[in-house]
Amino acid sequence: MYSCYAHIQPNLLKSHGRDFCRFLFIGLNDNTPKERIRAGIADLFFANHKPFQVINSLEKQLEESERRIQNKQHTAHTTSIVMTLHLSALGLNKIQQQHWCSPSEHTFFNKGMKDQFVSKALSDPHPTEWESPYRQPIDLLIEIASDTLSSLDDFEQKLTFFLLQKGIGHIQFVEQGKKLYWGKDAIEPFGFKDNITTPTFFKKKIGHTPIYQKNEATKLNIILDKRGGSFLVFRKLEQDVLAFNEKVHYLSRRLAIPISLAEAQIMGRFKDGTPLDLSDKPGVLETEVSRKTFDEDYKTGYSGDLKGLRCPLHAHVRRANPRSDRSCIIKHLKYDPNRELDRDVIGVIVRRGIPYENPGVSQGLLFLCYQASIDTQFVAIQQEWSNNGHQPDCESDSEFSKMSIGLDPIAGQYRNVPSYRKNIWNKSWGVKNERAKNRVELEVDFTDLVYLKGGAFLYTPSIPDLMSLYPKKPNATV
């Protein structure tokens, strides 16, 4: 596994932190020789691209971050472009680099998100219902990010010209992402503080230097495969904000609880990020003491709230990351039986999503997550937790482990998973008396609250693998 920062693309181990993103979906030319396409892709990634300052490695990303922290007047961050390159299984086949991804270990990636087996396994809307651009084959995805829209506009034009000039392919369609803010906090379209619990691989050291240091507690095999690459899940998720607010107000009235507590019972935390298993009101993370309590609680999981008396068992952040023994779902996963699975990695993803908005039409999240294996990480979350109406069966002899708790209100696919619609809601926070007056089993229809409009599975190669796309020079003769 590569650990050298110069070998890893940006935005994987550390978020690029930019306010604006463009996702350029590209179809590779079928009539262009494979060698020319391979060299063209390498040229696109490694070219100087003057006058733009392009950040295309983790090493460059960290160097710029340190300069910016040490010198707050440093302005390069506002105009630089962070670029990351991804290939689908179809794209890898076109450039004859299928060996980068083992078929036996990466079933979902090789089949693709539009495949009937994959669509059924994830309970997704049928691909015929997706937005039309996503119904066509996708070979290559280039993500570019900046803090200025003008820089993105100019760089997109440069890449468009580059693709045509080299005869590599053409841009099929473009998605645009823009961060939303509530004060200084980045939020998702429903208004909740975003990207709180995604794994971190670096931490700022208190003091002057070094600014960044490796976080040894976080394993790199969460995100990197043996080649130093990573697998990307891209999903365009439309969010019905009006319907969400209607559900919140209904729960507030039905349970006779504050609106903020109703929101938290859906998401699993308050809008400011305060976990519901830690507090019955927002604002708890404002002190260092409470942050330490939260960090310690996060490591131990929901051990103090096993029956969901504080944070309901169905709550999104709890379903998407139960923080419990993941060995209980190994038997359900479709994977190569000869491959040894790391229990601490199963169902763990690194989120890098960004909101999008078409004013007056739709809004939602361009969901991105990285992992070493789609089969045992993203799929485990969606199939075994969000779409599963039962408590994870870690203790097969436990009656509690078999109880119905309902689907994940945010990520659960209600339309395609008709059973397990009822969730158990709390009228009082943390009350140990489980009489009916404190807990209510109630069906709330969350169908299409978050709706998949299209997506793709992609591979993010290591920089040495991208460099290998250049034609090999013949050996010199004496």
Side-chain angles (χ1 to χ4, degrees), residues 6-12 16 18 20-61 64 79-98 100-101 133 136-146 151-177 227-232 234 352 368 370 456 458-473:
H7 290 175
I8 302 170
Q9 290 200 54
N11 201 36
L12 273 70
H16 57 64
R18 268 56 175 188
F20 304 100
C21 282
R22 298 274 173 88
F23 300 91
L24 315 181
F25 290 85
I26 297 165
L28 299 175
N29 289 341
D30 293 324
N31 298 326
T32 304
K34 308 298 183 187
E35 297 81 3
R36 184 177 170 186
I37 292 182
R38 286 196 292 267
I41 291 174
D43 276 342
L44 185 151
F45 187 80
F46 293 107
N48 196 306
H49 291 303
K50 289 183 178 179
F52 299 96
Q53 180 191 354
V54 178
I55 296 172
N56 61 358
S57 72
L58 174 61
E59 181 180 53
K60 291 181 180 179
Q61 186 183 359
E64 187 196 53
T79 57
S80 59
I81 303 286
V82 180
M83 180 171 68
T84 315
L85 186 148
H86 321 272
L87 286 148
S88 68
L90 291 174
L92 288 177
N93 288 337
K94 284 189 176 182
I95 65 171
Q96 299 177 333
Q97 300 298 312
Q98 304 94 315
W100 286 356
C101 306
Q136 59 190 321
I138 295 169
D139 298 324
L140 179 68
L141 171 62
I142 298 175
E143 177 186 358
I144 55 176
S146 178
S151 297
L152 285 184
D153 290 339
D154 294 342
F155 194 66
E156 181 183 333
Q157 289 183 9
K158 186 178 182 68
L159 291 182
T160 301
F161 178 76
F162 186 97
L163 289 168
L164 293 174
Q165 183 185 46
K166 295 285 185 179
I168 302 171
H170 64 284
I171 296 176
Q172 297 166 307
F173 65 101
V174 178
E175 293 286 8
Q176 302 188 44
R227 301 184 69 89
S230 187
F231 289 88
L232 172 67
F234 182 100
R352 294 287 185 255
L368 287 82
Y370 288 101
L458 301 132
Y459 182 64
T460 310
S462 69
I463 292 176
D465 273 345
L466 287 173
M467 183 65 73
S468 73
L469 296 179
Y470 281 120
K472 293 182 180 179
K473 295 180 179 180

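When reading the values below, keep in mind they use all heavy atoms of this one structure, side chains included, and skip hydrogens, waters and symmetry mates.
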inquiry  = Quick check: do Phe23 and Val174 have side-chain heavy atoms less than 4.5 Å from each other?
reply    = no
query = Is the backbone of Leu24 close enough, under 3.5 Å, to the side chain of Glu143 for a donor and an acceptor to pair up by distance?
reply = no
Straight-line distance of Phe155 CZ to Ile142 CD1, nearest 0.5 Å = 8.0 Å
ask   = Between Leu152 and Phe20, which heavy-atom pair has the shortest distance, and what is it?
value = CD1-CB, 3.6 Å
note = So OH of Tyr459 and OG of Ser230: to nearest 0.5 Å the spacing works out to 8.0 Å
key: Under the side-chain contact (heavy atoms from CB on, under 4.5 Å) test, residues paired with Pro51 that sit two or more places apart   = none
inquiry  = Could you check whether any side-chain N or O of Arg36 sits under 3.5 Å from a backbone N or O of Ile168, counting only pairs where one atom can act as donor and the other as acceptor?
reply    = no
inquiry  = Quick one, Ile463 and Ile8 - any side-chain contact, counting heavy atoms below 4.5 Å?
reply    = no
Show me the donor-acceptor pairs within less than 3.5 Å that the side chains of residues 85-92 make with the rest of the protein, sequence neighbours left out.
unit_1, atom_1, unit_2, atom_2, d
His86, ND1, Thr460, OG1, 2.7
Ser88, OG, Leu90, N, 3.3
Ser88, OG, Gly91, N, 3.0
Ser88, OG, Ile138, O, 2.5
Ser88, OG, Asp139, O, 3.4

ask   = Got Ser151 and Ile81 here, is their nearest side-chain heavy-atom distance under 4.5 Å?
value = yes
Gap separating the CG atom of Asn56 from the CG atom of Asn11, nearest 0.5 angstrom = 13.0 Å
inquiry  = Rounded at 0.5 Å granularity, tell me how far CZ in Phe45 sits from OG in Ser57.
reply    = 7.5 Å
ask   = Is there side-chain contact between Val54 and Asn48, with at least one heavy-atom pair below 4.5 Å?
value = no
note = Here the pair of heavy atoms bringing Leu163 nearest to Gly169 is CB-O, 3.5 Å
message = With rounding to the nearest 0.5 angstrom, report the NE2 to CG distance, His7 to Leu466.
response = 12.0 Å
ask   = Side chains of Ser80 and Glu64: does their closest heavy-atom pair fall under 4.5 Å?
value = yes
query = Listed by chain and number, what are the ring pair (Phe, Tyr, Trp, His ring centres under 6.0 Å) partners of Phe25, not counting sequence neighbours?
reply = Tyr134, Phe173, Phe234
key: Flag, side chain of Arg18 to backbone of His16, donor-acceptor distance under 3.5 Å   = yes
For Asp43, all residues meeting side-chain contact (heavy atoms from CB on, under 4.5 Å), sequence neighbours excluded = Phe162, Lys166, Tyr470
key: Ile26 side, atom CD1; Leu140 side, atom CG - distance, nearest 0.5 Å   = 4.5 Å
ask   = Considering residues at least two apart in sequence or located in another chain, which fulfil the side chain to side chain donor-acceptor pair (under 3.5 Å) criterion with Glu59?
value = none
ask   = Which atom names give the shortest non-hydrogen contact between Gln97 and Leu469, and what distance separates them?
value = CG-CD2, 3.9 Å
message = Are Ser146 and Phe52 packed together at the side-chain level, in the sense that at least one heavy-atom pair is separated by less than 4.5 angstrom?
response = no
task = Taking the side chain as every heavy atom from C-beta outward, state whether Leu141 and Thr84 have any pair of such atoms under 4.5 Å apart.
result = no
ask   = Could you give all pairs that pass the side-chain hydrogen bond (donor to acceptor under 3.5 Å, both in side chains) test and reach residues 21-32, with sequence neighbours left out?
value = Arg22-Asp153, Arg22-Glu156, Arg22-Gln176, Asp30-Lys94
ask   = Where the side chain of Asp465 meets the backbone of Arg227, is there a donor-acceptor pair that is under 3.5 Å apart?
value = no
query = Side chains of Gln9 and Met83: closer than 4.5 Å at any heavy-atom pair?
reply = no
